[in-house]
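The structure presented is a predicted model; accordingly, all values stated were derived computationally and were not measured. Along the sequence shown, residues are numbered consecutively beginning with 1.
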Amino acid sequence: MASLSVIGISGSLRKESSNIKLLNCADNKLKKLNKEIKFSLGEINFPLYSDDIEKTHGLPEAVEKLGKEIRYASAVLISTPEYNKGISGSLKNCLDWLSRVKPNPLNNKNIAILSATDGRSGGERSQYMLRNCLTPFDCKVIQSPEVLIANSSKAFSNNGELLDQKSNQLLDSLLEKLYQSI
């Protein structure tokens with residue numbers, strides 16, 4: 001059997017972000033599905049996309065690295081915060097840079113979307129926007145269940161476990177669908 005790997009992308013650059021906690025929680029749950037799954041967090045702290053940068057210097061090394069990691073991954077998990085009713089600038093910038101990688105690493109890739117926000121909607125709008133932003137990549141986005149973690153600063157235990165039973169059930173279901181797709 002081929003090696004299974006999942007790369008996680010957090011739309012938040014903050015080291016202790018709820019979205020990174022959610023991805024780490026997903027990593028633990030994926031390992032319960034198959035202990036052989038390798039999970040890693042992708043780095044998206046790129047310079048702002050500029051055609052001038054690309055023409056003068058080519059793609060930044062970090063963009064090339066993430067593109068390669070995605071290309072060789074079995075699937076991608078994207079966890080997005082909600083900033084002003086949309087995805088973060090860093091996540092949009094990541095997608096803009098990835099659109100320049102040839103061949104495109106997201107093409108035909110299985111992707112699951114999660115969100116964690118301190119607001120009451122749990123990132124519903126940011127998930128909708130992210131789905132639109134992924135359209136040109138021709139990837140396979142798992143549409144349901146939606147995992148929306150509201151009040152995220154209170155959603156995790158000190159050990160990083162998701163506290164809400166319903167949220168855990170939804171995350172388990174989404175990850176099972178992702179696992180079955182690879």
Side-chain angles (χ1 to χ4, degrees), residues 4-32 35 37-50 53 59-99 101 105-106 109 111-131 133-134 146-164 167-168 170-172 174-175 178:
L4 295 175
S5 64
V6 175
I7 186 161
I9 296 174
S10 171
S12 173
L13 299 178
R14 194 168 50 87
K15 189 176 184 176
E16 293 295 320
S17 83
S18 298
N19 287 280
I20 290 175
K21 289 178 184 178
L22 185 55
L23 287 169
N24 288 330
C25 184
D27 174 26
N28 292 330
K29 289 175 174 289
L30 282 168
K31 285 188 175 42
K32 289 178 184 174
K35 64 182 178 182
I37 292 178
K38 292 177 175 57
F39 181 85
S40 61
L41 283 174
E43 174 60 51
I44 70 164
N45 195 2
F46 305 148
L48 289 176
Y49 176 76
S50 167
I53 292 173
L59 295 178
E61 187 176 317
V63 173
E64 292 277 10
K65 180 178 186 265
L66 180 62
K68 185 176 181 181
E69 291 170 344
I70 292 170
R71 184 175 301 112
Y72 292 109
S74 306
V76 179
L77 267 175
I78 302 175
S79 190
T80 180
E82 187 168 291
Y83 293 174
N84 301 307
K85 304 192 185 308
I87 63 173
S88 66
S90 56
L91 183 54
K92 177 64 169 81
N93 187 54
C94 170
L95 295 173
D96 291 340
W97 274 114
L98 286 174
S99 74
V101 176
L106 290 171
K109 190 62 66 176
I111 298 177
I113 296 173
L114 317 165
S115 56
T117 67
D118 231 9
R120 68 177 186 259
S121 75
E124 188 172 33
R125 291 180 193 106
S126 63
Q127 282 200 21
Y128 181 77
M129 182 179 176
L130 179 55
R131 290 173 202 284
C133 290
L134 288 170
E146 291 178 314
V147 176
L148 307 159
I149 309 302
N151 302 311
S152 62
S153 62
K154 298 176 180 134
F156 298 91
S157 72
N158 291 335
N159 297 333
E161 296 168 349
L162 196 53
L163 296 171
D164 180 67
S167 296
N168 271 297
L170 291 169
L171 181 56
D172 288 341
L174 180 67
L175 294 174
L178 182 67

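Nearest heavy-atom pair across Tyr83 and Ser12 is OH-OG, 3.8 Å. Residues Leu106 and Leu134 share a closest heavy-atom pair of CD1-CD2, 4.4 Å. Annotation for Asn93 and Tyr49: closest pair OD1-N, 2.7 Å, computed over non-hydrogen atoms. Closest approach of Leu22 to Leu171, counting heavy atoms only: CD1-CD2, 4.1 Å. Nearest heavy-atom pair, Leu148 versus Gly123, reported as atom, atom and distance to 0.1 Å: CD2-C, 3.9 Å. Of all the heavy atoms in Pro105 and Ile70, the pair that sits closest is O-CG2, 3.5 Å.
Within the model, atoms CD1 of Ile9 and CG of Leu130 stand 9.5 Å from one another, a figure rounded to the nearest 0.5 Å. To the nearest 0.5 Å, the span separating CD on Gln127 from OG on Ser121 amounts to 9.5 Å. Atom CZ of Phe46 sits about 10.0 Å away from atom CG of Leu13, to the nearest 0.5 Å. Rounded to the nearest 0.5 Å, atoms CG (Leu30) and CG (Leu175) are 4.5 Å apart. In this structure, the separation between CG on Leu98 and CD1 on Ile44 is 9.0 Å, given to the nearest 0.5 Å. Expressed to the nearest 0.5 Å, how far SG of Cys25 lies from CG of Asn159 amounts to 11.0 Å.
Proximity of a side-chain donor or acceptor of Ser152 to a complementary backbone N or O of Ala155 within less than 3.5 Å is not detected. Checked by atom type and distance alone, the side chain of Thr80 never pairs as donor or acceptor with a backbone atom of Gly11 at under 3.5 Å. A donor-acceptor pair is defined here as one N or O able to donate and one able to accept, closer than 3.5 Å; such a pair exists between the side chain of Ser74 and the backbone of Ser5.
Every salt bridge (charged side-chain N to carboxylate O under 4.0 Å, His left out) that Lys29 has, sequence neighbours left out, goes to Asp172. When the salt bridge (charged side-chain N to carboxylate O under 4.0 Å, His left out) test is applied to Glu124, no partner is found at least two apart in sequence or on another chain. In this structure, Ser126 has no side chain to side chain donor-acceptor pair (under 3.5 Å) partners at least two apart in sequence or on a different chain. Residues satisfying the side chain to side chain donor-acceptor pair (under 3.5 Å) criterion with Arg14, sequence neighbours excluded, are absent altogether. With sequence neighbours left out, the side chain to side chain donor-acceptor pair (under 3.5 Å) criterion links Ser153 to Asp118. Judged as a side-chain contact (heavy atoms from CB on, under 4.5 Å), and not counting sequence neighbours, the contacts of Glu64 are Leu59. For Phe156, there are no ring-ring contact (aromatic ring centres under 6.0 Å, His included) partners two or more places apart in sequence or in a different chain. Listed by chain and number, the residues in a salt bridge (charged side-chain N to carboxylate O under 4.0 Å, His left out) with Lys109 amount to none (sequence neighbours excluded). For Ser88, the side chain to side chain donor-acceptor pair (under 3.5 Å) test picks out Ser90, with sequence neighbours left out.
Note on residues 15-27: pairs passing salt bridge (charged side-chain N to carboxylate O under 4.0 Å, His left out), not counting sequence neighbours, are Asp27-Lys31. Every pair passing salt bridge (charged side-chain N to carboxylate O under 4.0 Å, His left out) that includes a residue from residues 71-89 is listed here, sequence neighbours excluded: Glu82-Arg125. Under the salt bridge (charged side-chain N to carboxylate O under 4.0 Å, His left out) criterion, no residue pair touches residues 147-164, with sequence neighbours excluded.
Between Lys65 and Glu61 there is no salt bridge, since none of the side-chain N atoms of the basic residue sits less than 4.0 Å from a carboxylate O of the acidic one.
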For a side chain to side chain contact (heavy atoms under 4.5 Å, CB included) check, start with the C-alpha distance between Ile87 and Cys133, then their side-chain angles and the critical distance, and finish with the verdict. CA-CA 9 Å; Ile87 63 173; Cys133 290; 4.0 Å; yes

Apply side chain to side chain donor-acceptor pair (under 3.5 Å) to Asn19 and Ser79, showing your working. CA-CA 5 Å; Asn19 287 280; Ser79 190; 2.7 Å; yes

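Two residues are said to be in side-chain contact when any heavy atoms from C-beta on lie closer than 4.5 Å; Leu170 and Leu174 fail this criterion. Contact check for Leu23 versus Phe39: side-chain heavy atoms found under the 4.5 Å cut-off. A 4.5 Å side-chain heavy-atom check between Ser17 and Pro81 finds every atom pair outside the cut-off.
Among Leu77, Leu41, Leu66, the single residue meeting the side-chain contact (heavy atoms from CB on, under 4.5 Å) criterion with Ile7 is Leu66.
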